[in-house]
Structures are given as structure tokens and as C-alpha cells.
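What follows is a set of notes on a single structure, which appears directly below.
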Amino acid sequence: MAEFFQHLINGISLGSIYALIAIGYSMVYGILQLINFAHGEVVMLGAVTGFFVAPLFGRPVHPSLGLFLSVLLISMVVCSIVGLLIERIAYRPLRKSPRINCLITAIGVSLFIQYFTQLDFIFGAIPQSYPELIERQIVFSIGGLEISNLQILVLGLSFSLMGILEFIVFRTKMGKAMRAVSESPEIASLLGIPVNRVIAFTFVLGSCLAAAAGTLVATMYPKVDALMGALLGLKAFVAAVLGGIGSISGAVLGGLLMGLAEEYTVGYLSSSFRDAIAFTILILILLVRPSGLLGTSRIEKV
Amino acid sequence: MKQLIQWGSFILVVAIFGWLLTEFVPDYYQTIIAICGINVILAVSLNLVNGFTGQFSMGHAGFMAVGAYMSATLSTLLLPALGFSGEMNVFTQNLLFFGVLIVSGLSAGLIGFLVGVPSLRLKGDYLAIVTLGFGEIIRTSILNIEAIGGARGFIGIPQWSNLYWVLGLSILSTVIIARVVTSIPGKQFMAVRDDETATTSIGLSTTRIKVRAFVLASFFAGVAGALFAHYYSYLNPSTFNFNYSFQIIAMVVLGGMGSLSGSVTAAILLTVLLEALRPLQDYTGVDLRMVIYSLVLIVLMLTRPQGIFGRSEVTDFFKKRRSRPHNA
């Protein structure tokens with residue numbers, strides 16, 4: 001029984017990281033109808049930034065909450081800039097092109113970042129260990145059930161970030177503009193909404209969440225690697241589809257379900273199915289309910 | 001009579017060029033030519049799905065893997081069990097290889113059918129993700145089957161493939177696909193690409209048409225895989241990862257989605273170019289090819305999204321001027 005709850009807690013903390021990434025996919029898809037393949041790479045860059053920045057605060061790295069937050073903040077800034085650049089250079093010129101061209105560009109950008117980071121003078125192809133920003137402690141333990149401070153941190157941080165996002169999207173003027181653009185970019189621009197600026201802002205928001213996710217992943221599983229974003233991104237994308245792509249609450253739900261599914265698969269079946277479960281879920285959901293759990297399907301009019 | 005002349009000249013060309021290449025060209029260059037040929041088959045067949053039918057498959061290497069492993073299993077495990085082993089005369093060996101090629105193509109086609117039926121109901125981006133997923137699932141499954149080598153790879157495959165086969169089959173596949181594209185089913189592929197709703201409205205099942213294109217493409221990918229397996233006589237699941245699928249996509253896009261001449265040109269161009277850049281890898285320490293492939297794609301999409309050839313073919317230049325409605 002304790003094992004069951006342990007998996008539950010692990011699954012939720014993993015799932016909340018997926019949720020953070022999935023929101024980024026969902027927001028961009030909601031506005032541009034584009035799968036931003038490069039989003040997983042932004043997550044990876046978030047972790048890589050932390051790897052380079054943390055030692056700047058003094059060697060050897062002294063784990064503390066302040067350090068963690070400063071590293072997180074810097075990662076967010078760096079990732080926002082990267083997100084903006086990606087949008088500006090690769091996606092904005094293609095606003096009017098067929099969607100397949102955007103998709104190809106997105107894949108291109110994703111692979112370019114992956115392999116560019118692998119160059120020796122950037123980061124290298126060999127996985128590095130992430131500096132310990134916060135010391136791992138068991139804060140809570142009953143009958144074999146253990147909760148670490150890292151898990152609490154992951155949960156607290158991701159849910160407060162989601163809260164902030166919720167506030168931005170539903171309570172601010174910019175959020176209203178974002179929702180308007182996702183409804184119809186043409187009409188939004190007729191009403192005087194600066195569509196390009198809103199889209200750029202969406203990328204910044206998504207990249208900030210991705211940076212947080214990258215930092216959290218690297219803190220939980222202290223390994224940085226230029227290819228880590230690919231699989232994380234793919235799973236988070238599946239989570240977004242599962243919840244209903246384009247819907248933020250759907251992305252959160254999908255992320256949590258994804259984390260739980262993965263954790264229970266590893267716990268009760270076999271760890272070699274860890275990555276296969278994501279695709280199995282994707283294929284099932286696309287066959288049974290392509291619009292996702294919380295999504296609404298649009299009727300195609302001729 | 002005309003057909004007889006065509007076949008005769010085809011065999012003559014393959015025989016002469018195959019002989020010239022095997023006799024007078026150094027081994028290293030022969031290998032590059034063989035990779036070119038295999039990539040031509042892959043690019044041309046993927047173009048059938050991505051270019052002519054307007055779908056976006058990202059798992060082509062997976063189907064190649066099915067063909068490669070099927071052929072290796074047949075020639076290394078099954079045929080010796082049936083008594084075909086050791087020294088064989090040239091005729092039996094090539095006849096057997098032909099059979100192996102067909103069977104591995106068919107099995108890749110079958111897997112393509114199983115993957116295609118559920119996933120081709122989906123549109124655009126979803127299809128891309130699902131095919132990517134299936135490609136990975138195929139690779140992971142192979143990785144976990146011990147009988148065919150698992151992660152260690154499949155060793156000891158007889159070296160039946162040679163430049164004659166590669167050259168012959170790459171020409172043959174291109175010609176077959178060119179014929180398909182100009183036939184009625186081929187026109188249906190393009191109808192789906194140009195307007196799916198309109199195609200449905202004239203009473204055609206778009207899913208069935210898409211599956212047809214997908215199965216045909218998988219068949220040729222399987223044949224290419226079998227050629228690959230018997231050329232290197234060694235297989236490793238990691239060869240058929242997403243990067244390989246991506247390289248084939250890059251070839252199709254660079255050449256022009258919807259142009260077979262483009263796919264052939266781009267497959268040869270990229271294979272040779274990146275082989276030539278190999279020495280550079282010593283300085284960078286990483287597979288520079290992927291950096292270049294991805295840059296090529298991004299720059300291409302931003303500046304010339306239709307690729308080198310667009311939708312036109314080399315043969316268009318020799319034809320009398322006829323109006324081609326789709327040659328935009």
C-alpha cells in the first residue's frame with residue numbers, strides 16, 4: 001500500500017513537470033496551430049543554462065533555496081530570449097505559409113538546437129552532472145512512504161507558476177488579447193490587437209515555464225544532456241494532446257495523468273516500457289477521442 | 001516489342017554501369033554510391049506520401065528497419081534451415097535474394113498497412129507525431145528481440161547485395177513510382193493533397209487512398225532496407241532511429257515535395273555532400289551532418305519552400321509545351 005502511494009507522489013511530481021512543458025505546447029498550438037517541436041529543446045537549454053550559471057555563484061556550489069531561485073530566474077531569462085529568437089527568426093516569416101512548412105521548420109529548429117548544443121565548444125555530447133542546487137532531504141516519512149523536500153519544491157513551484165499563468169491569461173489585458181488571437185488572428189488584428197506582439201509574448205511565457213521545468217528536472221534527476229529535451233518534449237506533447245491541445249487546464253490534467261501513467265508502468269510492469277507508454281497513450285487517445293479529454297472539436301465547414 | 005526494348009536497355013545499362021563501377025572505382029566510393037542508391041529508393045518512396053499525397057510521415061526509417069530485419073532473418077536464419085547454405089551458384093543466390101527482397105518489401109508493406117489504417121485518419125501534425133511514435137516503437141521492439149540480435153545487432157548476413165542490385169532497383173523503383181504517380185490511383189493521391197474535402201465529395205475514400213500510398217511507400221522502404229542489410233552484412237537497431245527518418249525527409253523537402261527528379265537529385269546531392277564533409281567531423285567532434293541537415297531545412301523553408309524542383313520533373317523540359325495545371 002505504501003508503495004502505491006509512493007508511486008502516486010512520484011507520479012504527481014513528475015507529472016507536474018510534464019504539465020509545465022505541456023502548457024507551452026498547448027499555448028503555442030492554441031494561437032498558431034503549430035506543434036512547436038523546439039519547445040523540448042528550450043527545456044533542455046533551461047537545464048544547460050543552470051549547469052553553466054550555478055558555478056558562477058561560487059565554487060563549490062553551496063546548495064540553498066536562494067541559489068536555486070537565482071539560477072531559475074536566469075534560466076527563465078535566457079530561455080525567454082531563445083524562445084523570442086526562435087519565433088522571430090523561424091516562425092514569424094512563415095505566418096502565411098502552409099502548415100506543413102511551419103512543421104518542417106519547427107523540426108529543423110529542434111534538431112538544430114539539439115546538435116548545435118552537442119558541439120564541443122558549446123556543451124558537448126557527453127552528459128554532465130547538474131550541480132546540486134538544493135540538498136535532498138526526506139521531510140516526511142510514514143510506514144515506508146517518503147516525501148522529499150525536492151518533491152515538495154517541484155509541486156509548490158509548478159502549481160504557483162500555473163497559478164500565475166492562470167492569472168495572466170484570464171485576468172490581464174494581455175491574456176485577453178492572447179485568447180482573442182487564438183480565437184481568430186484576423187479579427188483580433190482588425191480590432192487593433194498587435195498580433196505579432198501577443199504571439200511573441202506567448203512564446204516568452206511558454207519558454208519561462210519550460211525553463212522552470214528544465215531546472216526542476218535537472219534538480220530531481222541531476223543529469224544534463226543535449227538530447228534530454230527531445231523525449232521530455234515528446235512526452236509533454238502527448239500530455240497536451242491527452243488533455244486536449246489548446247486548453248491550459250487540459251495540459252495540466254494531461255501532464256499529471258502522463259506522469260502517473262509512467263510512474264505506475266515503471267512500478268508495476270517494467271521500466272523498459274517507460275518511454276513506450278507515452279506513444280501508446282497517444283495512439284489510443286487519437287483513435288478514441290482525438291480532441292483530448294478537455295478539448296472541443298471544431299467542425300470543419302466547407 | 002517496345003517493352004522488350006525498354007527492359008533490354010534497362011538491363012544493359014545496369015550491367016554496363018554496374019560492371020564499370022565494380023571494376024574501376026575504389027571500394028570507398030562504391031560504398032558511397034550504394035548508399036546513394038539506397039537513399040534514392042527511400043527518398044522517392046517517401047515522396048509518394050509526403051509529396052504526392054500531402055501527408056507527413058516521420059517514421060520511414062522504421063519501415064526500412066522492418067524490411068532490413070525481415071530480409072536478414074530470411075537469409076541468415078530461415079534459408080539455411082531449409083537447406084540453402086554455404087556455396088551457391090550465382091543464379092540460385094540471386095534468385096533467392098530476389099525472393100527475399102520481395103518478401104521483406106511485402107512485410108514492410110503489411111506493417112505499413114497496420115500502422116496506416118489507424119493513423120491516416122488523423123490530419124497533418126498528428127500524423128507526423130504518430131508515425132514518429134510508430135517508427136520508435138518498431139525500433140524499440142527490434143531492440144528487445146534477442147533472436148535477431150537485440151541491441152548487439154544482427155551479424156553474419158550474407159553479402160548478396162551489390163552495386164548491380166542497388167543500381168537496378170533504384171532505377172526500377174523510381175520508374176515504378178513515376179508510373180504510379182501518373183496513373184489513376186496516382187492522380188487520386190494528388191487529389192487528396194490538393195483538396196481533401198473535394199476528394200471526399202466526389203465519392204472517394206481519402207483514408208483508403210492515403211493508406212494505399214503509405215503501404216506502397218513502406219514496401220519500397222522495406223526493399224531498401226533489405227538491400228542495406230545485404231550490403232553491409234551487419235544491422236544495428238540504432239541505425240534506424242529518428243535521425244535517419246529525418247534525413248530522408250530533408251532529401252524529399254530539398255528536392256521538392258512532389259518531384260521525383262528532385263528526390264533523386266537531393267538524395268544523391270546530400271549523401272555525397274555530407275560524405276565529403278566527414279573530415280570536418282574531426283574538428284567538431286560531433287555528427288555535423290545533423291546540424292547541416294537541419295540548417296538546410298530551415299533556410300529552405302524560409303527562402304524556397306518548394307525545394308529545388310518544386311513539382312516539376314526533369315522530363316518536363318523535354319516535353320512539348322503542354323499546359324500543366326498543377327505546375328505552379
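Because the structure is predicted, anything quoted here is derived from the model rather than measured. Naming: A, B, ... by sequence-line order, numbering from 1 per chain.
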Subject >> Chi angles and distances behind the side-chain contact (heavy atoms from CB on, under 4.5 Å) call for Leu282(A), Ile129(B) >> reply: CA-CA 9 Å; Leu282(A) 177 71; Ile129(B) 294 276; 3.2 Å; yes

Original post:
Where on Leu94(A) is there a heavy atom nearer than 4.5 Å to chain B: the side chain, the backbone, both, or neither?
Top reply: side chain

**OP:** Against chain B, label Val238(A) side chain, backbone, both or neither, depending on which of its atoms sit under 4.5 Å from a heavy atom there.
**Re:** neither

For [X] and [Y], work out which heavy atoms get closest and say how close.
X: Ala128(B); Y: Leu103(A); result: CB-CD2, 4.0 Å
X: Ala90(A); Y: Leu302(B); result: O-CD2, 3.8 Å
X: Gly108(A); Y: Ser294(B); result: O-CB, 3.2 Å
X: Phe116(A); Y: Val291(B); result: N-CG2, 4.1 Å

Subject >> Member of Thr105(A), Leu111(A), Ile107(A) meeting the side-chain contact (heavy atoms from CB on, under 4.5 Å) criterion with Ile298(B) >> reply: Thr105(A)

Tell me whether [X] at atom [atom1] has more than 12 heavy atoms from other residues, nucleotides or ligands lying less than 6.0 Å away.
X: Arg92(A); atom1: CZ; answer: yes
X: Tyr264(A); atom1: OH; answer: yes
X: Arg208(B); atom1: CZ; answer: no
X: Arg88(A); atom1: CZ; answer: no
X: Ile202(B); atom1: CD1; answer: yes

Quick one: side chains of residues 249-258 of chain B, donor-acceptor pairs under 3.5 Å with protein atoms, not counting sequence neighbours, listed by atom name and distance.
none

Original post:
Checking heavy atoms, do the side chain of Tyr293(B), its backbone, both or neither come under 4.5 Å from chain A?
Top reply: neither

Original post:
Do Asn243(B) and Tyr115(A) pass the side-chain contact (heavy atoms from CB on, under 4.5 Å) test, and can you show the C-alpha distance, the side-chain angles, and the key distance before you say yes or no?
Top reply: CA-CA 11 Å; Asn243(B) 288 356; Tyr115(A) 283 87; 2.4 Å; yes

**OP:** Given side-chain contact (heavy atoms from CB on, under 4.5 Å), test Phe112(A) with Leu297(B) step by step and report yes or no.
**Re:** CA-CA 10 Å; Phe112(A) 176 71; Leu297(B) 273 196; over 6 Å; no

Original post:
Is there a side-chain contact (heavy atoms from CB on, under 4.5 Å) between Leu132(B) and Leu234(A) once you walk through the steps?
Top reply: CA-CA 10 Å; Leu132(B) 170 78; Leu234(A) 216 50; 3.8 Å; yes

Subject >> Heavy-atom pair count under 4.5 Å with chain B, highest-scoring of Ile89(A), Ile35(A), Thr280(A), Leu34(A) >> reply: Ile35(A)

Subject >> Gap between atom CZ of Phe37(A) and atom CE of Met58(B) - 0.5 Å precision >> reply: 4.0 Å

